[in-house]
Chemist: 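The structure that follows is given in the form of structure tokens.
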Number of protein chains: 2
Amino acid sequence: MINNASKAAQEELKRKGYKLTGPRIAIINYLAESQEHPDMQQIFAGIRAEYPGIGMATVYRTLGLLLELDILRAITVNKNQLLYELKKPDDHHHHLVCTGCSQIIEFGSCSFKHISSEIETVTRYSIEDHTLEAYGLCPQCQGDFQVERG
Amino acid sequence: MINNASKAAQEELKRKGYKLTGPRIAIINYLAESQEHPDMQQIFAGIRAEYPGIGMATVYRTLGLLLELDILRAITVNKNQLLYELKKPDDHHHHLVCTGCSQIIEFGSCSFKHISSEIETVTRYSIEDHTLEAYGLCPQCQGDFQVERG
DNA sequence: GTGTGTGCAAATAGTTTGCATTCGG
DNA sequence: CCGAATGCAAACTATTTGCACACAC
């Protein structure tokens, strides 16, 4: 059960009629414990540590299921890297990716809602969602960069 | 030479010491003429029409080169679809993707600069860049949706 | 018990690389 | 000419699928 996020995800799975199997619990626990934003390889490796018999196909299928059920969110950084995070209720945040060490932190400020209606008026689209990722150097890498230059 | 965007890209290649070959010109012309935001498959298919002998590897290598030289921009939509567009000078825009028909239009309003310094203060990151994509229904698909519901 | 879920391996898709040949400058 | 660029095929990586078996309910 590990923590609240894990518990909520497991209950949601069950509520929607899916079986709570060993592999699924292991995957959900891994995601719930993970403080970073792991990619597929990290998830697979991390789960293997606790559940050695698991196969890649199961991880792919389970992540796909969790995404479909809106339990999991996928974000894309650096054009082609897919990362995952369990959804939390009412948590609208975006990601700030360090271009030096790839560390990712979350930020809550999002000004998109301020211009959303303007864009709707101009374009006549009805906007449902958006993604926003920012890139820059973290404090540590700013320091390293100073050192490199001497 | 086709148009200004093509001309500018070709000159930039030459200026940086790369050869202006048939395949490269065909790829640049295709990108410069393209009004939509094509993906790799569309680019390859489109160029084959004009330059039948071209190989996939050349397209991959050329797109990689143009990205590296900052002549081309890649955007990611729907988590895992990579689309390309030639860069134009001083053109800061983002993309609005129709969740019905996948049509993409550009919008110029971007409120990120308003919160950028706030995020820098809070996080101590130095922000260099950002991506923003919005999703919603285009006017046409909003109509179709009404019809479907009767 | 029953049918969903799993692991494995094979199939598929997407991208990169090695190398002989071609071609732009 | 000469070296960079190309086309082809093979290699490599990532993801999906088919199927016999296992396990949650």
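Since we're looking at a predicted model, the values are computed, not measured. So you know, we letter chains A, B, ... as the sequences are listed, proteins then strands, and number each from 1.
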Chemist: With salt bridge (charged side-chain N to carboxylate O under 4.0 Å, His left out) as the rule and sequence neighbours excluded, what pairs involving residues 107-126 of chain B come up?
Modeler: none
Chemist: According to the interplanar angle, ranging from 0 to 90°, do the rings of His93(B) and His37(B) count as parallel (below 30°), tilted (30 to 60°) or perpendicular (above 60°)?
Modeler: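 His93(B) and His37(B): perpendicular rings.
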Chemist: How many Å lie between OH on Tyr18(B) and P on dT6(D), as a whole number?
Modeler: 12 Å
Chemist: If you group Ile, Leu, Val, Met, Phe, Trp and Tyr whenever their side-chain heavy atoms sit less than 4.5 Å apart, what else falls in with Tyr125(B)?
Modeler: Leu96(A), Ile105(A), Phe107(A), Phe112(A), Ile115(A), Ile119(A), Tyr125(A), Ile127(A), Leu132(A), Leu96(B), Ile105(B), Phe107(B), Phe112(B), Ile115(B), Ile119(B), Ile127(B), Leu132(B)
Chemist: Roughly, in whole Å, what's the span from CG in Asn80(B) to P in dT13(D)?
Modeler: 21 Å
Chemist: Contact class for Phe44(B) vs. all strands (heavy atom < 4.0 Å): base, sugar-phosphate, or nothing?
Modeler: nothing
Chemist: Hey, could you give me each pair passing salt bridge (charged side-chain N to carboxylate O under 4.0 Å, His left out) that has a residue in residues 83-109 of chain A? Not counting sequence neighbours.
Modeler: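 Qualifying pairs, neighbours excluded: Asp70(A)-Lys87(A), Arg73(A)-Glu85(A).
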Chemist: Could you tell me the separation between the CG atom of Leu83(B) and the P atom of dG14(C), rounded to a whole number of Å?
Modeler: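 Whole-Å distance recorded here is 14 Å.
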Chemist: Does Glu12(A) form a salt bridge (Lys or Arg N to Asp or Glu O under 4.0 Å) with Arg15(A)? I'd like the steps, not just the answer.
Modeler: CA-CA 5 Å; Glu12(A) 182 70 359; Arg15(A) 201 179 66 73; 3.3 Å; yes
Chemist: Yes or no on side chain to side chain contact (heavy atoms under 4.5 Å, CB included) for Leu31(B) and Leu66(B), after CA distance, side-chain angles and deciding distance?
Modeler: CA-CA 11 Å; Leu31(B) 292 168; Leu66(B) 296 177; 4.1 Å; yes
Chemist: Please give, in whole Å, the distance from dG7(C) C1' to Met56(A) CE?
Modeler: 13 Å
Chemist: Counting side-chain heavy atoms from C-beta on, which of dC8(C), dA5(D), dT6(C) comes nearest to Arg48(A)?
Modeler: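 Comparing dC8(C), dA5(D), dT6(C) against the side chain of Arg48(A), the answer is dC8(C).
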Chemist: Quick check: do Glu128(A) and Thr99(B) have side-chain heavy atoms less than 4.5 Å from each other?
Modeler: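 Glu128(A) reaches Thr99(B) side chain to side chain.
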Chemist: If I take atom CZ in residue Arg15(B) and atom P in nucleotide dG25(C), what distance separates them, rounded to the nearest angstrom?
Modeler: 16 Å
Chemist: Rounding to an integer number of Å, can you tell me how far Ile43(A) CD1 sits from dT15(D) P?
Modeler: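 It is 11 Å, rounded to the nearest whole Å.
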Chemist: Polar atoms only, N or O, under 3.5 Å: list the protein pairs with nucleotides 17-24 of chain C and their distances.
Modeler:
unit_1	atom_1	unit_2	atom_2	d
dG24(C)	N2	Lys19(B)	NZ	3.3

Chemist: Taking the minimum atom-to-atom distance to the side chain of Ile54(A), which one of dG7(C), dT15(C), dA5(D) wins?
Modeler: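 Of the candidates, dG7(C) comes closest.
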Chemist: Give the intermediate values and the outcome of side-chain hydrogen bond (donor to acceptor under 3.5 Å, both in side chains) for residues Gln81(A) and Thr76(A).
Modeler: CA-CA 5 Å; Gln81(A) 200 181 1; Thr76(A) 307; over 6 Å; no
Chemist: Between dT15(D) and Tyr60(A), is there an OP1 or OP2 to side-chain N/O distance shorter than 4.0 Å?
Modeler: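 So the side chain of Tyr60(A) is within the cut-off, an N or O lying under 4.0 Å from OP1 or OP2 of dT15(D).
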Chemist: Axis-to-axis angle across the helix from dG1(C)-dC25(D) to dG25(C)-dC1(D), five pairs an end, to 10 degrees?
Modeler: 40°
Chemist: Nearest-Å distance, NZ (Lys16(A)) to C1' (dT4(C))?
Modeler: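 The answer, rounded to whole Å, is 18 Å.
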Chemist: I need the CD1-P distance between Ile25(A) and dG5(C), as an integer number of Å.
Modeler: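 After rounding, the gap between these two atoms is 13 Å.
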Chemist: Scan residues 4-32 of chain B for pairs that pass ring-ring contact (aromatic ring centres under 6.0 Å, His included), counting only residues two or more places apart or in two chains.
Modeler: none
